[in-house]
Amino acid sequence: MTTTRRELAARYDPAAVEPAIYERWQAAGAFRPAPEPPPGAPRFVIIQPPPNVTGALHIGHALTATIEDTLVRYHRMRGDDTLWLPGVDHASIAAQFVLDRIIAEEGESRASLGRERYLERMWKFIEETRDVIGRQHRRLGASPDWDRERFTMDEGSARAVRVAFKRLWDAGHVYRGEALVNWCPRCLTTISDLENVHRDETGTIWTIRYHLERPDGTPDPDAWISVATTRPETLLGDTAVAVHPDDERYRGLVGRHAILPFLARRLPILADEAVDRAFGTGAVKITPAHDQDDYALAKRHGLPAITVLDEQARVNEAGGEFAGLDRFDARRRIVERLRASGDLEDERPHEMVVGRCDRCGTVSEPRLSVQWFIRVKPLAERALASVTEGRTTILPARFDKEYAHWMENIHDWAVSRQLWWGHRIPAWFCPDGHVTVSDLPAGPEACAECGRPASELTQETDIFDTWFSSGLWPFSTLGWPDETPDMQRFYPTTVMETGYDILFFWVARMMMLGLFCTDREPFDTVYLHGMIRADGGAKMGKTKGNTIDPLSVVDEIGADALRFALVSGSSSGHDQKLTRAKLDGGRNFSTKLWNAARFVLANRPADEPDADPGSDGAVDASLPVRWLRSRLADAVARATRQLDALDLGAYAATVYDVAWSDYCDWFLEVAKVDMRRADASPAERAATWRAAAEGLAVVLRLLHPLMPFVTEELWQALGEAEPELTRDEPLLITAGWPAPGERDETAETAFADLAELIRGVRNLRTEAGTPAATWAALVVDAPDGEAADALRAGLRYVEALARARPIRIGGAGDRPELVAASPFGAAWLGIDAAGQVDAAARRATRLADIEGNLERLRRLLADPGFSGRAPAAIVARERDRLAELEERRRQMLAEG
RNA sequence: GGGCGGUUAGCUCAGCUGGUCAGAGCGCCUCGCUUACACCGAGGAGGUCGGGGGUUCGAACCCCUCACCGCCCACCA
């Protein structure tokens, strides 16, 4: 009667297993750091990009969560003081974008609701969506400490924002002023340079005649200066025409004036080196209020800036007859009018770069307005030094350059946004125009400059760029600005993990703000992963319909399969394609593990003694057992190294190989032999089973970080069958990382030799077309006693796995025709069907192969350049190979 | 206009500081006794590591160059 307490289902059903497992983890408080830091334990704190509060899980989140969870689980198993603090980001512009669409369906708009009601509506909306993304992360198996979940709009964050901004202000890093900023006419807010995405587009370039002014102030119908533009509507705001100082064509015109069409404004013609003589006509219309270059040029020349577009990019009252028109309608109208008057000289398609709002895709408009800026140069210098001086490491290292380039060319950060959902800038204006920045929740008590009471002050209505609060995340979540126990225990953090696409948006800001606020680098390592792409290599996108929904995948094949597929075959910073085939690979692997465990559990000997037969010396460990332990020791060492190096792709390969190839394909197959052979003692049988079960336990430990559900479930089953095996911990999630083991080179070599012989025989069988069921006689030369002994020790495995019987070692007598070289000497296979193979031809091929290699090696070794300059170890190795080949050749010749 | 990455078996990708590095998974071909697993097992075919040049005793790996593909940064109207 078997003592197995639980029968595993014939097929792994993740849907039936995962939710229950997750609940057990949570009930056990497995995600929480210990109340006190374990003495002497290294710290491991991971920083995750908090997903948008209104968001739904996409494949990118799944990748991020998988990587982070794998690292966190690994470090937790190692006993490190581990923290993963979850949270969500208020994502002001993205959230407003979503809510605006929703209220539009209700017939409302931001304007119709007004700020207060809109924000109430937003909080209500957030309440509905806030938990969604967390629940979805749970389904992936993510194991952050949910008790510490934070939100970038909670009071802790709000306080951190106020304090950080106040300190920046006090340090002189903040200013408020008029500047030409990127403006989205649809979102009705400033957007930062990063949110203004440039795209190559084909537009039109028009050449327009500006007639020259005659002495009487009227335009000269016969004299003009032609300017080229891609945005004719901006001409309404022109205040000059510029040419290059050395441009002969225009030398005589500099100092004169042109008359602006429609508005009859006098435009000075001036010279400036910034003008490219080769482009267009060599003369540029200058629109300071609507173009960055022109703005800079106007400043140099003291030109006025006239804003002609309103916040929705309609022509304003300064636009004369065009007032009220949308910018593109105005463009068409102006072009028509110019064409009619004969002042449109040319019109042609033009390849150009257009800036669009990252959020909504609307063409952005440079707009002159008063904004809050953070002077980032000094902050950036420190943030750059942290990386160049090695206090923070970016992986992969090549992103160092991008980071440095960005930090070196950084512009001041426009942090104010004309949005409602977010942290309001804690600045107050007094009627005299004084500005008071305060970090008090209720605002300042009086104007900092003139002492006017708070009742006379009004707060700035702009809010902060979302990334300002995100930039404080690593410490605002730990209680900063207070020196809390959490700050002391968990800050600075260890690994900042995210996609390379937000290196500048987020990582750079965290570095700058972290250094400024806390005087320390916010994390030791920045680990950047790549993007997930669709099968053809295209970006995944809802509109393209080529997305893979991680939750559907989890429903279908389980979180473990998805996680494995996301990590295996990946390398940091490189994009990867995710395909159905890859997901299937993950699923197959979880099934494989399940079945291996099923085999182990179902074969537990009924009569296993209570005492541990492996440790009391009753039975010496068999060769396969020693081999398995050595292979596992190697895998543990490699996996540990790879996870420490954040090389998750390599780690996945390591565990996959040891589990599938070493454990399942080889060990379990030979274990069957030892567990089933009639002449084995109960103790021997038990020892073999025990080794299999222990080996499985190590495999489960190794795999748990990446495939937590199936490994945990099997761990439970293993524990129920044999509590001894999981004695140290009832839950795998909190069990220890496998201890490093000893390599056993002798066992590895011996077993590898047997495996090679088995493979050689299998090969012969296939070539000969031997039916799988047929037993074939085998003769192995085994020229020396040592080889014969080694072979004899493993004979039963060869017999079973190569289906060879009887096996004769050495000795004279008839020898079958088919021969293969093996570590033990030549191996002859006798089978009835041998005639199907041309033994002689086969032998000739093998011999030629050996001869070829021999020739190459002899030449190499004869080369004085090689033997003289190559390291001795390399030379010795090549000598050994030569000797080995010579031996094989001798075997081959001997048999003929 | 700068900068970066990629180009390795039909496909998707690993290959660390040059010396069993020519690999894995999928796909393909052949076979399938065997109660862990056909989401499987055994065996096999398939690549002059994008082209050219160089350094070296030796290069997929280092240098130069060219060709494609992709990405990032950038104020040419």
Side-chain angles (χ1 to χ4, degrees), chain A residues 8 10-12 180 193 198 205 227-231 234 242 274-276 278-287 291-297 350 352-353 355 366 396 398-399 401-402 405-406 409 500-501 503-504 530-531 533 535 537 557 561 568-571 573-582 584-603 645 647 649-650 653 656-657 664-665 668-669 672 758-759 762-767 769-775 800-803 860 863-871 873-875 877-878 881:
Chain A
L8 291 175
R11 173 153 303 181
Y12 178 50
L180 202 57
D193 292 343
H198 297 276
I205 190 163
V227 295
T229 181
T230 56
R231 296 187 299 155
T234 64
V275 178
D276 180 353
F279 191 91
T281 61
V284 195
K285 61 189 273 308
I286 301 300
T287 320
D291 184 278
Q292 293 288 358
D293 292 328
D294 294 2
Y295 184 71
L297 185 142
H350 183 62
M352 53 197 263
V353 179
R398 67 188 149 85
F399 284 103
K401 270 186 226 154
E402 279 190 33
H405 183 258
W406 194 75
N409 296 285
Y500 65 70
D501 56 333
L503 176 61
F504 306 140
M531 305 294 112
R533 318 202 81 100
D535 202 347
I557 60 174
S568 70
S570 72
S571 63
H574 281 117
D575 292 356
Q576 57 168 322
K577 296 174 186 88
L578 186 62
T579 60
R580 184 69 231 180
K582 200 161 179 199
D584 285 343
R587 177 204 54 188
N588 294 352
F589 189 36
S590 19
T591 307
K592 185 72 179 179
L593 289 171
W594 184 264
N595 284 316
R598 219 156 62 88
F599 167 78
V600 171
L601 291 171
N603 284 280
D647 192 354
Y656 181 91
D657 286 345
C664 291
D665 288 345
L668 287 187
E669 290 309 313
K672 283 176 188 172
I758 289 166
R759 240 177 271 134
R762 283 171 169 172
N763 185 324
L764 288 179
R765 294 180 62 108
T766 299
E767 287 191 23
T770 316
T774 307
W775 289 92
L801 270 58
R803 207 163 176 82
L860 181 66
D863 183 344
F866 176 74
S867 42
R869 295 184 184 229
I874 301 293
V875 177
R877 194 175 65 209
E878 297 302 329
R881 292 176 66 189

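Reminder, nothing fancy here: chain letters follow the sequence lines and each chain counts from 1. No experiment lies behind these values; they were computed from the predicted model shown.
Of the candidates C26(B), A77(B), G5(B), the closest approach to any side-chain atom of V275(A) belongs to A77(B). The side chain of E878(A) lies closest to G19(B) when the candidates are G43(B), G19(B), C73(B). Listed nucleotides A14(B), A77(B), G43(B) differ in distance to V284(A); the shortest reach to its side chain belongs to A77(B). Among C33(B), C37(B), A77(B), the nucleotide with an atom closest to any side-chain atom of A772(A) is C33(B). Distance from the side chain of K592(A) is smallest to G41(B) among C72(B), A77(B), G41(B). The side chain of R587(A) approaches C39(B) more closely than any other nucleotide in the set A42(B), G5(B), C39(B). Proximity note for L668(A) (side chain, C-beta onward) versus C76(B), C39(B), A36(B): the nearest is A36(B). Counting only heavy atoms from C-beta on, T229(A) has its side chain closest to A77(B) among G15(B), C4(B), A77(B). Side-chain proximity of A228(A) to the nucleotides U56(B), G19(B), A77(B) is greatest for A77(B). For K672(A), the listed nucleotide lying nearest its side chain is A36(B); candidates were A42(B), C33(B), A36(B).
Rounded to whole Å, the C1' atom of U12(B) lies 14 Å from the corresponding atom of G6(B). Rounded to a whole angstrom, the distance from the P atom of G27(B) to that of G18(B) is 36 Å. Atom name P, nucleotides C33(B) and G25(B): the rounded distance is 23 Å, in whole Å. C39(B) and U56(B): their C1' atoms are spaced 49 Å apart (whole Å).
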**OP:** Carefully, step by step, assess L8(A) and L601(A) under the rule side chain to side chain contact (heavy atoms under 4.5 Å, CB included).
**Re:** CA-CA 8 Å; L8(A) 291 175; L601(A) 291 171; 3.6 Å; yes
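When the P atom of C26(B) is taken as reference, atom NZ of K577(A) falls 19 Å away, rounded to whole Å. Across the protein-nucleic acid pair, H574(A) atom NE2 and G15(B) atom P stand 9 Å apart, rounded to whole Å.
In this pair, Y500(A) and F399(A) present their aromatic rings parallel. The plane angle is below 30°, not in the 30 to 60° band.
Ionic pairing of D291(A) and R231(A) is present here: one or more N-O contacts between side-chain nitrogen and carboxylate oxygen are shorter than 4.0 angstrom.
Contact of R803(A) with C33(B) (side chain to base): a donor-acceptor pair of N or O atoms is detected under 3.5 Å. With hydrogens and angles ignored, no donor-acceptor pair under 3.5 angstrom links the side chain of R598(A) to the base of C37(B). Applying the 3.5 Å distance criterion, the base of A42(B) shares no donor-acceptor pair with the side chain of E669(A).
Side-chain atoms of R398(A) come within 3.5 Å of backbone N or O of G573(A) as a donor-acceptor pair.
Contact annotation for R231(A): no contact, since no heavy-atom pair falls under 4.0 Å across all strands. In this structure, A596(A) reaches the bases: a heavy-atom distance under 4.0 Å links it to at least one base atom across the strands shown.
Cation-pi contact between K592(A) and Y12(A): absent, since separation from the ring centre below 6.0 Å together with deviation from the ring axis within 45° is not met.
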